[in-house]
Amino acid sequence: MKKLAIIFVVTCATAAVGWVGLRTAWEHYFPKSVIHYRLDVTFEVDGIRVTGSSVQELVVSRALGLSEKRASWRAFGEAVVVDLPGHGAIFVLLTSPTVDGVYTGSTKGRFDNLIYDACSLKEKRAGKSWSEFVRMTGKLSGACNVPPEELPLMVYFKDISDPETIQRLIPEQVQERFGPNVDFVGATVTITEEPLTLGVGSRLPWLSDYPEPALVTGKPSTNPPFSQIIKHGYFRRLER
């Protein structure tokens, strides 16, 4: 009996060492970094700056497969809400137009690259393996200005209780929409340890959970209305 007990202990110890070694090797070749960042979006109303913020999460991991020379980027969180006094709320979504300002459903994935593009990580990746780059991303700090071509999609509602009234807001056309006393100032991202910002559902009680349908369903079309392109998950995407 004593001999069996010794064999059992040795077997368990060997298995534990093997598991630790396997886990260490996995984390070396396929690292994952998770960072929180605060997206601040600022407008100016009657000469006074108004800023809305949302702390969001970025998960960066090396793509599976030893031959894959890339990393996977996935952002989570909730839309930024900017309350413009006398003009309602602007929502800055978890989806982005193309660099030339065009927006279709196929461009939604660009938002995941917000930190990569705004903080010029492509230049910082030079000479690093993808595994090294993923680990480096987890050590980011400071703040970065979001270039105009990297701004996420902005929307507002003519009637916030009716998702069908959603309208796109183009930063260069803010004064055209809200008058000469309202203007878009800019956006920044700041690395932080703050928890995710939650609560957009209290502003939009009709909002459903992710994965999401379109705000307004309808027959398939080659030229669907804006409300059928925008999905609930662009307002709230939480990791499961």
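In this structure, the side chains of Arg236 and Leu207 come closer than 4.5 Å at one or more pairs of heavy atoms. With contacts defined as side-chain heavy-atom distances shorter than 4.5 Å, the pair Phe235/Glu78 does not qualify. Side chains of Val59 and Lys32 form a contact here, defined as non-hydrogen atoms less than 4.5 Å apart. Two residues are said to be in side-chain contact when any heavy atoms from C-beta on lie closer than 4.5 Å; Arg38 and Val189 fail this criterion. Met136 is listed as a side-chain neighbour of Lys124, based on a closest heavy-atom distance under 4.5 Å. Between Val60 and Ser72, every side-chain heavy-atom pair lies at or beyond the 4.5 Å cut-off. At least one side-chain heavy atom of Ile166 sits less than 4.5 Å from a side-chain heavy atom of Ile230. Ser227 is not listed as a side-chain neighbour of Pro163, based on a closest heavy-atom distance of 4.5 Å or more.
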Begin from the C-alpha positions of Tyr234 and Ile229 and carry the test side chain to side chain contact (heavy atoms under 4.5 Å, CB included) through to its verdict. CA-CA 10 Å; Tyr234 300 165; Ile229 295 176; 5.6 Å; no
Show your reasoning for whether side chain to side chain contact (heavy atoms under 4.5 Å, CB included) applies to Leu94 and Phe111. CA-CA 6 Å; Leu94 281 74; Phe111 180 83; 3.7 Å; yes
Verdict with supporting geometry, Thr51 and Val41, side chain to side chain contact (heavy atoms under 4.5 Å, CB included): CA-CA 5 Å; Thr51 299; Val41 181; 5.9 Å; no
Please evaluate residues Gln56 and Tyr37 with respect to the criterion side chain to side chain contact (heavy atoms under 4.5 Å, CB included), reporting the C-alpha separation (whole Å), side-chain torsions for both, the decisive distance (0.1 Å), and the verdict. CA-CA 6 Å; Gln56 300 166 348; Tyr37 62 92; 2.9 Å; yes
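With hydrogens and angles ignored, the 3.5 Å screen pairs no side-chain donor or acceptor of Ser120 with any backbone N or O of Glu123. Between the side chain of Arg203 and the backbone N or O of Ile160, no donor-acceptor pair lies under 3.5 Å. Formation of a donor-acceptor pair under 3.5 Å by the Glu44 side chain with backbone atoms of Asp183 is not found in this model. A donor-acceptor pair under 3.5 Å is absent between the side-chain atoms of Thr42 and the main chain of Val185, judged by distance alone. Side-chain atoms of Thr165 come within 3.5 Å of backbone N or O of Asp159 as a donor-acceptor pair.
Between Arg74 and Glu57, none of the side-chain N atoms (NZ, or NE/NH1/NH2) sits under 4.0 Å from a carboxylate O, so this pair counts as no salt bridge. Here Arg237 pairs with Asp112 in a salt bridge; the nearest charged N to carboxylate O distance falls below 4.0 Å.
Tracing side-chain contacts under 4.5 Å through hydrophobic residues (I, L, V, M, F, W, Y), one never reaches Val45 starting from Ile170; they form parts of separate clusters. There is no path of hydrophobic side-chain contacts, each under 4.5 Å, that joins Val99 to Leu153. The same ILVMFWY cluster, assembled from side-chain heavy atoms under 4.5 Å apart, contains both Val50 and Val92.
Side-chain contact check for Ser96 and Tyr103: no donor-acceptor pair (N or O, by modelled atom type) lies under 3.5 Å. Side chains of Thr192 and His36: no donor on one and acceptor on the other come within 3.5 Å. Side-chain contact of Tyr156 with Arg168: a donor-acceptor pair under 3.5 Å is absent, judged by distance alone.
Proximity of the aromatic rings of Phe91 and Phe157 is defined here by a centroid distance below 6.0 angstrom, and this criterion is met.
Heavy atoms only, all atoms of each residue included: Thr197 and Val55 are closest at OG1-N, 2.8 Å. Considering every non-hydrogen atom in both Phe43 and Met154, the closest pair reads CZ-SD, 3.9 Å. For His87 against Val182, the heavy-atom pair with the smallest separation is NE2-CG2, 3.5 Å.
Taking the six-membered ring for Trp and thresholds of 30 and 60 degrees, Phe133 and Trp73 have ring planes inclined between 30 and 60 degrees apart.
The only option from Pro152, Ser54, Ser53 that meets the side-chain contact (heavy atoms from CB on, under 4.5 Å) definition with Val80 turns out to be Ser54. Exactly one residue among Ile90, Leu169, Leu151 makes a side-chain contact (heavy atoms from CB on, under 4.5 Å) with Phe184. That residue is Leu151.
Interatomic distance, CD1 of Ile115 versus CG of Leu140, reported as 7.5 Å (0.5 Å rounding).
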